[in-house]
Amino acid sequence: ETVGNTMAFGLMFVCFLNAVVYAAASPNILFVVSDDLRPELGVYGGNALTPNLDNFAASEGAVVFERAYVQQAICNPTRSSFLTGRRPDTTRVWDLKTQFRLSGGNFTTLPEFFRKQGYWTQGMGKVFHPVPFDNKIDDVAGGSWSAPYFHGRGPLGGNMTLCWNENSGNERQFVDNELTAHALATMQNMSQIKKPFFVAVGLHRPHLPWDVPTRFYNMYNPDDISLADHNKPPLNYNITGAQPWSWDPQSGPRHCGPLNAMGTNLPEYGLVPDDIAKKFRLGYYAAVSQTDENFGLIWNETKKLGLDKNLLVIFIGDHGWQLGDLGEFGKKTNFERATRTPMIIRVPNMAKSNPLSSVVTAQSLVEFVDIMPTLIDLAGFPVPPICPTVSTNVALCTEGTSLAPVIKNPAGTKDFKEAAFMQYAHCMHDEKIWHDACKSPDEPRVMGYAIRTRQYRYVEWVRVDRTQIPIKIMWDQLLGTELYDHTVNDTISNVAESVNIVAEPEMKSIVSQLSQKLHDGWRKLTM
């Protein structure tokens, strides 16, 4: 796992059909994922200072997806989903301990697909969630990678004492900086072999702890750090009984020193004290800025080496983070702030659809389950077929849709999808158990299923039977509901979800319509 590893490449160069991007040969691919990243980038109107990602977003061929939603807002389920092109009820990964090949099926992953097409595939950092398959993590034993996997072992960056830490240590020893150095060396190797490649880089920040070099904290004035604009749970949150199932009791930050010390003094529905909340927000911004710098180093290296001329780049978060919005510090919710995350795709040799715009944006509702079919399509390969209802024994299929038409014509595809679907398992809200909250083999027993249309977010908390394949959803055993109005202007503002309007008499018809769409699911809207 040394940066300067010598690689024995025995791959033949493969030429393929032209893709929608008009490239003569399949592009090389750089896949970068950042952990717990909400749309806090400058290009998204966020508070973090992110000049490198902002510049990348304005580059030729880049499209910024404004409304990209994950299928479940926690690391293992979302990564298992977008790396296989299947939804959590198909991968059967709803928690942090389950490996998709053991629970759902021996599915072809995104990097594995490209490896089988003759690409050299190489991964580093946190791409897959680190759960073992055949005694190895990062899908090393599953067949995703051509090269030995580089995990990174930097000793700095993991201090949970406060969760925020202005660290003056040797910057080369931070794990994300070590990963970035390895990514630079990998790109230099890729420039020499002249073979098609798929390189995946998984950056750990801004996942807590926000233990990053001091200079990233110095980019911000602590006096300018404000609380979330709506830092209380939604009004009428529990009017139909949703709150006990929906609310995450700060289960992640409870492992940070200040909240851990509070113990039971921070009750189940307790809120993070304002002074700590501001420290958390500052630390998060600083960690986002470190991620921005590391991405910039990698992107600039590809340009220096001339790789950018045929390089398809995707930058994503794996899910969002509440950061105090609606009283939550964490991701384990079905709210907008947890399920929406950055997605920027840059296609080589594609002129801007709007030459007068510095940044090309797509307002279409899109889902992370669309990532795998999109990259396959953009690389010039046939998009995998839609998965059957039970796809346990189907190695390659998808439950998403290629976004190539949106990338080609962002302005003309606003209504590309009618809705996005997401879910959350209630058992993952247990703050007393770390990384094993769904330990019982019959969990999850309660699931929150959500649908996000252009105007509304609607959630139903229902009982499920996970022992059946496919999972049995008992829509008639309804435990609670939520409805939030993002208005006809399709806002993404926090205020839109500050009031649960599900019981308002005038919303009865809307609730009925959304409930039917939710029960029909994504398949009916796809067919």
Side-chain angles (χ1 to χ4, degrees), residues 31 33 69-113 126-134 136-144 200 202 316 318-319 331-332 334 339 341 367-376 384-401 420-428 435-439 441-445 447-450 464-473 521-523 526:
F31 183 101
V33 56
Y69 295 93
V70 301
Q71 275 43 77
Q72 187 173 331
I74 193 167
C75 302
N76 193 23
T78 183
R79 291 169 188 255
S80 298
S81 175
F82 67 69
L83 288 167
T84 63
R86 312 191 197 206
R87 297 169 191 266
D89 282 355
T90 299
T91 64
R92 299 179 67 80
V93 176
W94 303 288
D95 57 30
L96 292 170
K97 62 182 176 59
T98 302
Q99 214 284 338
F100 70 88
R101 293 190 188 274
L102 302 176
S103 61
N106 193 25
F107 304 146
T108 299
T109 68
L110 179 61
E112 182 183 2
F113 172 86
K126 186 178 178 181
V127 178
F128 290 91
H129 190 71
V131 288
F133 172 68
D134 198 17
K136 296 179 181 178
I137 61 173
D138 299 302
D139 204 45
V140 169
S144 286
I316 57 173
D318 64 344
H319 47 68
K331 60 245 187 175
K332 303 178 183 181
N334 274 319
T339 58
T341 189
E367 302 175 277
F368 269 47
V369 75
D370 300 329
I371 290 174
M372 183 166 175
T374 299
L375 296 186
I376 290 173
I386 294 294
C387 296
T389 303
V390 177
S391 62
T392 305
N393 296 317
V394 181
L396 180 62
C397 63
T398 183
E399 295 178 346
T401 306
F421 295 85
M422 59 282 297
Q423 63 191 92
Y424 204 83
H426 164 68
C427 54
M428 284 305 300
H435 281 199
D436 207 13
C438 298
K439 183 177 181 179
D442 63 347
E443 289 283 10
R445 288 173 283 188
M447 193 80 72
Y449 289 97
V464 297
D465 181 359
R466 63 143 309 154
T467 64
Q468 299 192 35
I469 299 176
I471 186 172
K472 182 179 180 181
I473 306 171
W522 64 271
R523 287 185 183 275
T526 302

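What's counted below: heavy atoms across the whole structure, side chains too, no hydrogens, waters or symmetry copies.
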Heavy-atom donor-acceptor pair, R86 side chain to S391 backbone, under 3.5 Å: yes
Residue pair P444 / R466, side-chain heavy-atom distance below 4.5 Å: yes
Please work out whether the ring planes of F82 and F368 are parallel, tilted or perpendicular, with thresholds of 30° and 60°. perpendicular
Ignoring hydrogens, what is the shortest heavy-atom contact between E112 and G143? Give both atom names and the distance. CG-O, 3.4 Å
Could you tell me which non-hydrogen atom of M372 sits nearest to which non-hydrogen atom of G85, and how far apart they are? SD-N, 3.7 Å
How many angstroms lie between CG in D465 and CD1 in I473, if you round to the nearest 0.5 Å? 11.0 Å
Do the side chain of Q71 and the main chain of V369 share a donor and acceptor less than 3.5 angstrom apart? yes
Would you say P373 and T401 make side-chain contact, with heavy atoms under 4.5 Å? no
Using a 3.5 Å distance criterion without hydrogens, assess whether the side chain of D370 forms a donor-acceptor pair with backbone atoms of G400. no
With a 4.5 Å limit on heavy-atom distance, are the side chains of T90 and C387 in contact? no
I need the T339 OG1 to Q72 CD distance, nearest 0.5 Å. 11.5 Å
SB check D134 R101 (cutoff 4.0 Å): no
What distance separates L375 CG from L110 CG, expressed to the nearest 0.5 Å? 5.5 Å
G104 to T392 - nearest heavy-atom pair and separation: O-CG2, 3.3 Å
Do the side chain of D95 and the main chain of T98 share a donor and acceptor less than 3.5 angstrom apart? yes
Passing candidate, side chain to side chain donor-acceptor pair (under 3.5 Å) with S80, options T84, N76, T78: N76
Does the pair R87/D89 count as a salt bridge with the N-to-O cut at 4.0 Å? no
Quick check against the 3.5 Å criterion: does R79 have a side-chain atom that pairs as donor or acceptor with the backbone of V127? yes
Shortest non-hydrogen contact from T398 toward P384: CG2-O, 3.4 Å
Under the 3.5 angstrom rule, does the side chain of S103 hit a backbone N or O of T91 as a donor-acceptor pair? yes
Measure from the side-chain N and O atoms of E443 to the backbone N and O of R445, and report whether any donor-acceptor pair falls under 3.5 Å. yes
So F128 and S144, do their side chains get closer than 4.5 Å, heavy atoms only? yes
For the backbone of F421 and the side chain of E367, can you confirm whether one donor and one acceptor N or O come within less than 3.5 Å of each other? yes
With a 4.5 Å limit on heavy-atom distance, are the side chains of S81 and E399 in contact? no
